[in-house]
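Heads up, the thing below is written out as structure tokens.
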Amino acid sequence: MLSLQLIRQDPELVRESLAKRGEASSVDGILSLDEERRRLIQEVESLRARRKQASKEISQMREKPEALLTEMRDVGERIKSLDSEITRNEEELNDLLLRVPNLVHPGVPVGRDESDNVVVRSWGEVKTLDFEPLPHWDLGIRLGIIDFERGVKISGSRFYVLQGWGAKLQRALIAFMLDLHINEHGYTEVYPPFMVKRECMLGSGNLPKFADNLYHDAEDDMWFVPTAEVPVTNFHRDEIIEPGLLPFKYVAYTACFRREAMSAGKDTRGIKRGHQFDKVELYKFVEPDVSDDELEKMVADAEEVCWKLALPYRVLQLCSGDLGFNATKSYDIEVWAPGCAEWLEVSSCSNCIDFQARRSNIRYRSQVGEKLQFVHTLNGSGLALPRVVIAVLESYQQPDGTVAVPEVLRSYMGTDVIS
RNA sequence: GGAGGGAUCGCAUAGUGGUUUAGUGCGGCCGCCUGCUAAGCGGUUAGGGGGGGAAACCCCUCUCAUGGGUUCGAAUCCCAUUCCCUCCGCCA
């Protein structure tokens with residue numbers, strides 16, 4: 001959420017930022033509600049001050065002053081009705097504010113959609129294999145490690161079962177990634193709940209705007225996390241972080257659940273896009289002046305997974321039109337999958353600056369006695385599992401139909417080859 | 001799921017309708033004192049919102065789990081909800 005004060009002080013900045021994203025502006029509506037709100041508050045507060053004064057006088061009188069009591073009864077009624085007007089106004093205002101996306105970082109290239117994203121670097125060689133590479137769905141079926149039919153039988157379309165080496169490969173990747181980020185990059189492992197309260201979804205920015213994409217248990221109003229970003233953001237919700245404690249760096253493994261209602265019919269083949277997938281997520285809470293640098297470091301942490309697995313990859317900077325709702329600036333990492341012959345998005349790393357911190361009320365003090373400020377939050381996949389499984393299977397496949405196990409996974413897998 | 005008990009300032013507690021501008025202790029911070037440390041002494045100790053001011057700052061208002069209600073006036077009385085604790089039931 002943007003600061004209402006900022007919108008009030010510099011509405012043009014906000015309008016321009018929304019235009020860069022190709023979003024309609026609600027700035028005028030917000031400003032007029034804000035004006036109304038301040039007017040109502042001034043009125044109700046002066047009535048309150050008056051009532052307070054009168055109550056004090058009444059308490060010191062021996063006889064009940066009937067005229068004053070009658071007047072105060074009216075004042076009480078007026079306060080009550082103004083309060084409900086303020087509540088209504090604030091609900092409306094808040095709903096608008098919660099739907100405004102983050103400001104676009106000035107360094108972000110302006111563009112319309114993903115075709116305007118910019119490749120900032122790439123690593124590894126996309127080499128042509130000397131045999132016809134199979135897509136992972138064929139490999140998976142032949143090796144008996146992915147079972148699409150049973151996934152559909154159990155849960156419907158966009159579900160699959162990993163079994164045998166397939167399941168173990170995914171588990172090995174999770175363990176490898178967690179260990180890398182914990183031991184070499186200084187992240188603290190957390191295992192959060194996979195179902196969260198509504199307010200967590202508001203805090204992370206998934207509600208109210210993206211309810212369509214979430215699984216929801218209506219009976220208890222519990223929401224299934226679409227990414228670990230949601231519970232980890234809320235880890236410090238409503239907290240004040242004392243001087244000297246930041247940064248906090250967390251790595252969390254979770255399953256992720258997405259309805260993918262918007263993309264029915266897209267990427268239906270294989271395990272690239274399912275309603276449930278696993279992910280290892282990086283998350284940082286940092287002081288504002290370092291969040292730009294911390295984003296670069298986070299991307300490097302995620303990239304390291306790719307090069308340790310020897311998977312060719314490229315890093316894209318997202319243009320303004322492709323930027324996610326929470327992000328001021330984002331990089332995607334894509335690895336090459338020779339079987340399906342495409343670049344797979346395995347990570348998206350974003351600086352959300354104070355956007356989620358404001359929604360979630362996460363503040364810190366830089367020094368004893370200093371004013372409270374909102375922290376900056378960053379998140380990035382490190383990495384998303386099924387797509388890494390795809391890239392490993394397709395890149396390490398051998399002419400005889402077996403799949404070699406990447407060096408760094410051998411100790412986790414206990415084998416050199418999947419056959 | 002059932003039955004009871006509870007939720008007050010960072011922590012611990014006092015507070016059963018109006019000098020509560022929420023007291024006290026601990027902790028924290030700032031002084032003083034002290035050869036050092038401890039002790040002692042004095043002061044200080046939250047957040048949101050609104051208004052004024054160039055600013056330092058000042059004024060108002062809200063917040064005693066949350067939301068309603070009663071009342072001229074609510075931490076205090078009533079109702080609902082949430083969470084925590086104890087016991088019972090169920091359970092990986």
Side-chain angles (χ1 to χ4, degrees), chain A residues 1-10 30-98 191-203 207 216-223 231 234-246 248 254-255 354-375:
Chain A
M1 162 158 81
L2 302 184
S3 136
L4 181 55
Q5 223 180 23
L6 172 79
I7 299 175
R8 201 186 292 153
Q9 283 166 356
D10 197 350
I30 290 169
L31 288 177
S32 79
L33 282 168
D34 175 49
E35 213 170 304
E36 186 196 13
R37 171 175 153 272
R38 284 185 291 161
R39 184 174 55 72
L40 292 170
I41 284 172
Q42 282 178 46
E43 190 177 348
V44 81
E45 283 192 355
S46 70
L47 289 176
R48 258 190 240 282
R50 184 181 151 81
R51 177 171 74 177
K52 220 178 184 177
Q53 182 61 35
S55 286
K56 199 166 279 181
E57 286 165 18
I58 292 167
S59 73
Q60 283 157 0
M61 293 182 195
R62 304 224 160 199
E63 309 253 322
K64 288 203 166 183
E66 283 306 330
L68 188 54
L69 291 190
T70 313
E71 191 195 340
M72 285 306 112
R73 260 190 284 271
D74 289 346
V75 168
E77 288 306 311
R78 181 73 186 132
I79 288 172
K80 201 178 287 182
S81 89
L82 282 168
D83 273 342
S84 70
E85 264 190 84
I86 289 169
T87 303
R88 179 198 46 76
N89 169 288
E90 286 184 342
E91 273 169 11
E92 219 174 307
L93 179 58
N94 210 28
D95 186 66
L96 284 179
L97 281 173
L98 287 172
Y191 177 84
F194 293 5
M195 293 163 80
V196 300
K197 297 194 265 190
R198 170 182 296 269
E199 52 203 299
C200 292
M201 287 294 181
L202 284 165
L207 285 179
H216 175 222
D217 165 54
E219 197 172 350
D220 295 317
D221 197 26
M222 291 295 277
W223 299 73
N234 284 275
F235 200 65
H236 292 293
R237 175 158 51 88
D238 294 322
E239 289 184 17
I240 291 171
I241 296 155
E242 291 308 321
L245 297 179
L246 291 175
F248 296 145
T254 67
D354 60 356
F355 189 81
Q356 289 175 318
R358 182 168 275 115
R359 287 173 166 253
S360 305
N361 193 30
I362 307 168
R363 294 167 298 170
Y364 83 105
R365 218 185 287 278
S366 57
Q367 298 285 325
V368 175
E370 284 293 301
K371 271 201 221 151
L372 293 177
Q373 291 182 73
F374 288 105
V375 302

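Lettering follows sequence order; numbering is per chain, from 1. Remember, it's a predicted structure, so these values are computed and weren't measured experimentally.
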Rounding to an integer number of angstrom, what distance separates [N] and [M] when you compare their [atom1] atoms?
N: A38(B); M: C32(B); atom1: P; value: 15 Å
N: G4(B); M: U8(B); atom1: C1'; value: 22 Å
N: G40(B); M: A56(B); atom1: C1'; value: 35 Å
N: A22(B); M: A39(B); atom1: P; value: 30 Å
N: U19(B); M: G68(B); atom1: C1'; value: 30 Å
N: G27(B); M: A92(B); atom1: C1'; value: 42 Å
N: G47(B); M: C36(B); atom1: P; value: 35 Å
N: U44(B); M: C87(B); atom1: C1'; value: 46 Å

Original post:
Between Asp34(A) and Arg38(A), does at least one N-O distance fall below 4.0 Å, as a salt bridge requires?
Top reply: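 Salt bridge flag = yes for Arg38(A) with Asp34(A).
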Original post:
For the pair made of CD in Glu219(A) and P in G1(B), what is the distance, rounded to whole Å?
Top reply: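 Glu219(A) atom CD is separated from G1(B) atom P by 10 Å.
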**OP:** Working to the nearest 0.5 Å, report the span between CZ of Arg37(A) and CD of Glu90(A).
**Re:**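 Here the interatomic distance stands at 5.0 Å.
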Report each atom pair, protein N/O against N/O of nucleotides 69-79 of chain B, whose distance is under 3.5 angstrom.
{"unit_1": "U70(B)", "atom_1": "OP2", "unit_2": "Lys80(A)", "atom_2": "NZ", "d": "3.2"}
{"unit_1": "C72(B)", "atom_1": "OP1", "unit_2": "Arg73(A)", "atom_2": "NH1", "d": "2.3"}
{"unit_1": "G73(B)", "atom_1": "OP1", "unit_2": "Arg51(A)", "atom_2": "NH1", "d": "3.2"}
{"unit_1": "G73(B)", "atom_1": "O4'", "unit_2": "Ser55(A)", "atom_2": "OG", "d": "3.1"}

Salt bridge (Lys or Arg N to Asp or Glu O under 4.0 Å) with [X]: which residues, sequence neighbours excluded?
X: Glu91(A); answer: none
X: Asp217(A); answer: none
X: Glu92(A); answer: Arg88(A)

So what's [N] paired with, Watson-Crick or G-U wobble, going by both distances under 3.5 Å?
N: G4(B); result: C85(B)
N: U19(B); result: none
N: G42(B); result: C30(B)
N: A12(B); result: U24(B)
N: A80(B); result: U66(B)

Original post:
Listed by chain and number, what are the ring-ring contact (aromatic ring centres under 6.0 Å, His included) partners of His216(A), not counting sequence neighbours?
Top reply: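 ring-ring contact (aromatic ring centres under 6.0 Å, His included) list for His216(A), sorted by chain: Trp223(A).
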Original post:
Does Leu33(A) offer a backbone N or O that forms a donor-acceptor pair with the side chain of Asn89(A) under 3.5 Å?
Top reply: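 Answer holds: yes.
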Original post:
Is Arg365(A) reaching over with its side chain to a backbone N or O of Glu370(A), donor-acceptor style, under 3.5 angstrom?
Top reply: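 Yes: the side chain of Arg365(A) pairs with the backbone of Glu370(A).
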Original post:
When every nucleotide of nucleotides 46-52 of chain B is labelled 5' to 3' by its protein contacts under 4.0 Å (heavy atoms), B for base, S for sugar-phosphate only, - for none, what sequence of letters results?
Top reply: -SSBSS-
Original post:
Do any side-chain nitrogens or oxygens of Lys52(A) fall under 4.0 Å of OP1 or OP2 in C62(B)?
Top reply: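 So the side-chain polar atoms of Lys52(A) do come within 4.0 Å of the phosphate oxygens OP1 or OP2 of C62(B), strictly under.
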Original post:
With side chains defined as the heavy atoms from C-beta onward, is the minimum distance between Phe355(A) and Leu2(A) less than 4.5 Å?
Top reply: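 With C-beta onward as the side chain, the pair touches.
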